[in-house]
Structures are given as structure tokens and as C-alpha cells.
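Take a look at the structure set out below.
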Amino acid sequence: MFAPDASTLLISRVSAAGEALRGEADPGSWQRLRDAGCHLDGAHVDLLLQRFGEVVVADGTIAVRGTVRCERCLGFMPWAAEIGVRIGMAESEAAVGKVDPELDPVLSCNGVLDLQEWLEEEVLLALPMVSRCAESGAGCCPVSGVEVPARGAVPQNEERR
């Protein structure tokens, strides 16, 4: 079993039988997420790593909880996600493509993967394109108190054209 709070992952140490990468990661070092207006309270990693020749396939989930900045009111709102991960780690995209062309490639340098950078990248890719409070419907924004109209609703004093 590998620890998700380690700084690096030596892909040569992953066996063909499979290894677990499971537990709490340390998102405190994930600066790019903070720069994107996201603060994580926790990140739980549950991945199975399995070697196929020179490629290590990672399959599982990363569950995160925290806050993201609302693009509507600029406040912070709760955010949680369970991110599905299915990638191939190798030194070249060609090697990953030989194992499974559907895998997203993650490139290592001399068999060493910066684990925290990769985990952060997976979470960054899962962030909402435009995060907005009360996105799923009408109601009062829990952050700003702004009243959000229902989708398709015509604001008062305006006509549909």
C-alpha cells in the first residue's frame, strides 16, 4: 500500500498484482488550487495501482470537500466531489496507448511521478468551469443573500421575446 500524502511515487515499485493508494492526501501543498479560489478541507484517495509492462494503471476515486469561490457573488460556497480516475502512468504517451488507448496518460520522469502535483491536477480538472451558488435552481444564495431566479424564469418587468 502506498500513502497518498507522499511527495513522489516510484512507478517501478508497483506490482502486476496491484497495490492500493488509499488514505487522506495532504492538500495543504496544492498551491494551484488555492490560486484558483479553492480551499480543500480534505482529500481522500482510493485508487488501485496495477502494472502492465512499463505502464501503471490507476483506477478509482479521489473524494474532496472544501470551498470554491462563487463567480456570481464572489463569496465562498461549499464544494464536494467524487472524482473518477482512470489513467496510465508511464514515461511516454505511446507506452500508455499500447496498454489502452482510452487511458488518460500521466507522464513520469525516469519512473518517478510527483504524486502531489498529479493528485492536485486531477482535482483541478474536476473544478466547475464556472462555479455559482444556487446553480441547480432558484433560491437565496447561502453566501451573499442574493435571490437567484429559476432557470428560464423571466425577471420581473421584462418580457419574453
Side-chain angles (χ1 to χ4, degrees), residues 1-137 148 151-152:
M1 186 157 132
F2 294 99
D5 60 353
S7 61
T8 59
L9 174 67
L10 298 172
I11 62 175
S12 62
R13 295 193 57 208
V14 177
S15 71
E19 309 282 344
L21 178 62
R22 184 173 296 130
E24 292 298 317
D26 179 18
S29 66
W30 298 356
Q31 183 63 44
R32 293 179 299 159
L33 271 170
R34 284 194 301 279
D35 292 345
C38 180
H39 171 71
L40 293 183
D41 298 322
H44 183 81
V45 178
D46 189 5
L47 297 169
L48 174 65
L49 306 177
Q50 192 169 11
R51 171 174 295 291
F52 295 92
E54 60 186 289
V55 177
V56 170
V57 174
D59 194 5
T61 60
I62 303 170
V64 294
R65 65 191 178 288
T67 59
V68 294
R69 184 176 303 277
C70 172
E71 298 296 328
R72 177 179 285 131
C73 69
L74 300 181
F76 286 92
M77 62 182 197
W79 180 65
E82 187 162 312
I83 304 158
V85 175
R86 182 153 167 73
I87 59 103
M89 301 175 201
E91 291 190 35
S92 72
E93 287 186 36
V96 174
K98 287 178 188 175
V99 170
D100 184 347
E102 298 296 314
L103 288 174
D104 288 328
V106 173
L107 302 181
S108 67
C109 182
N110 297 321
V112 178
L113 181 72
D114 184 322
L115 184 59
Q116 296 308 308
E117 183 178 309
W118 168 60
L119 291 173
E120 181 183 27
E121 185 76 20
E122 292 295 332
V123 176
L124 277 166
L125 291 170
L127 283 172
M129 292 285 279
V130 179
S131 53
R132 282 183 257 168
C133 54
E135 181 153 337
S136 61
V148 179
R151 289 187 183 181

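Note: Trp118 CH2 to Thr8 OG1 = 13.5 Å, rounded to the nearest 0.5 Å. Put simply, CD on Glu93 and CG on Asp104 are 10.0 Å apart, with the number rounded to the nearest 0.5 Å. Taken from CG in Asp41 to NE2 in His39, the straight-line distance is 4.5 Å, to the nearest 0.5 Å.
Contact of the Glu121 side chain with the Leu119 side chain is not registered, since no non-hydrogen atoms from C-beta on lie closer than 4.5 Å. Trp79 has its side chain out of reach of Thr67: every pair of non-hydrogen atoms, C-beta onward, lies at least 4.5 Å apart. In this structure the side chain of Leu47 never reaches within 4.5 angstrom of the side chain of Asp59, judged on heavy atoms. Contact check for Met89 versus Leu49: side-chain heavy atoms found under the 4.5 Å cut-off. Residues Thr61 and Val85 have side chains not in contact (no heavy-atom distance under 4.5 Å, counting atoms from C-beta outward). Side-chain contact between Leu103 and Arg86: present, with at least one pair of heavy atoms (C-beta onward) separated by less than 4.5 Å. Counting heavy atoms from C-beta outward, Glu82 and Ile62 have side chains that stay 4.5 Å or more apart.
Closest approach of Leu107 and Ser92 over heavy atoms only: CD2-C, 3.6 Å. For Val57 against Phe52, the heavy-atom pair with the smallest separation is CG2-CD1, 3.6 Å. What you find for Ala43 and Trp30 is that their closest heavy atoms are CB-CH2, 4.0 Å. Here the shortest heavy-atom pairing between Ala90 and Val55 reads CB-CG2, 3.9 Å.
Ionic pairing of Glu117 and Arg32 is not present here: no N-O contact between side-chain nitrogen and carboxylate oxygen is shorter than 4.0 angstrom.
Remark: side-chain polar atoms of Glu120 are paired, donor with acceptor, to backbone N or O of Leu33 under 3.5 angstrom. At distances below 3.5 Å, not a single donor-acceptor pair connects side-chain atoms of Arg51 with backbone N or O atoms of Val56. The backbone N or O of Ser108 lies less than 3.5 Å from no partner atom in the side chain of Glu91, so there is not a single donor-acceptor pair. Although no hydrogens or angles enter the test, the distance criterion places a donor-acceptor pair under 3.5 Å between the side chain of Asp100 and the main chain of Glu102. Panel note: side chain Gln116, backbone Ala6; a donor-acceptor pair is recorded below 3.5 Å.
Each of Leu115, Asn110, Val112 was compared with Leu10 under the side chain to side chain contact (heavy atoms under 4.5 Å, CB included) criterion, and only Val112 meets it.
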| said: The test is side chain to side chain contact (heavy atoms under 4.5 Å, CB included); show your working for Phe76 and Cys70 and say whether it passes. | reply: CA-CA 6 Å; Phe76 286 92; Cys70 172; over 6 Å; no
| request: Could you give me the CA-CA distance, side-chain angles and deciding distance for Arg22 and Leu48, then say whether side chain to side chain contact (heavy atoms under 4.5 Å, CB included) is met? | output: CA-CA 8 Å; Arg22 184 173 296 130; Leu48 174 65; over 6 Å; no
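Atom CZ of Arg34 has more than 12 neighbouring heavy atoms from other residues, nucleotides or ligands inside a 6.0 Å radius. Enclosure of atom CD in Glu24 by more than 12 non-hydrogen atoms of other residues, nucleotides or ligands within 6.0 angstrom is indicated.
Residues meeting the salt bridge (Lys or Arg N to Asp or Glu O under 4.0 Å) test with Arg65, sequence neighbours left out: none.
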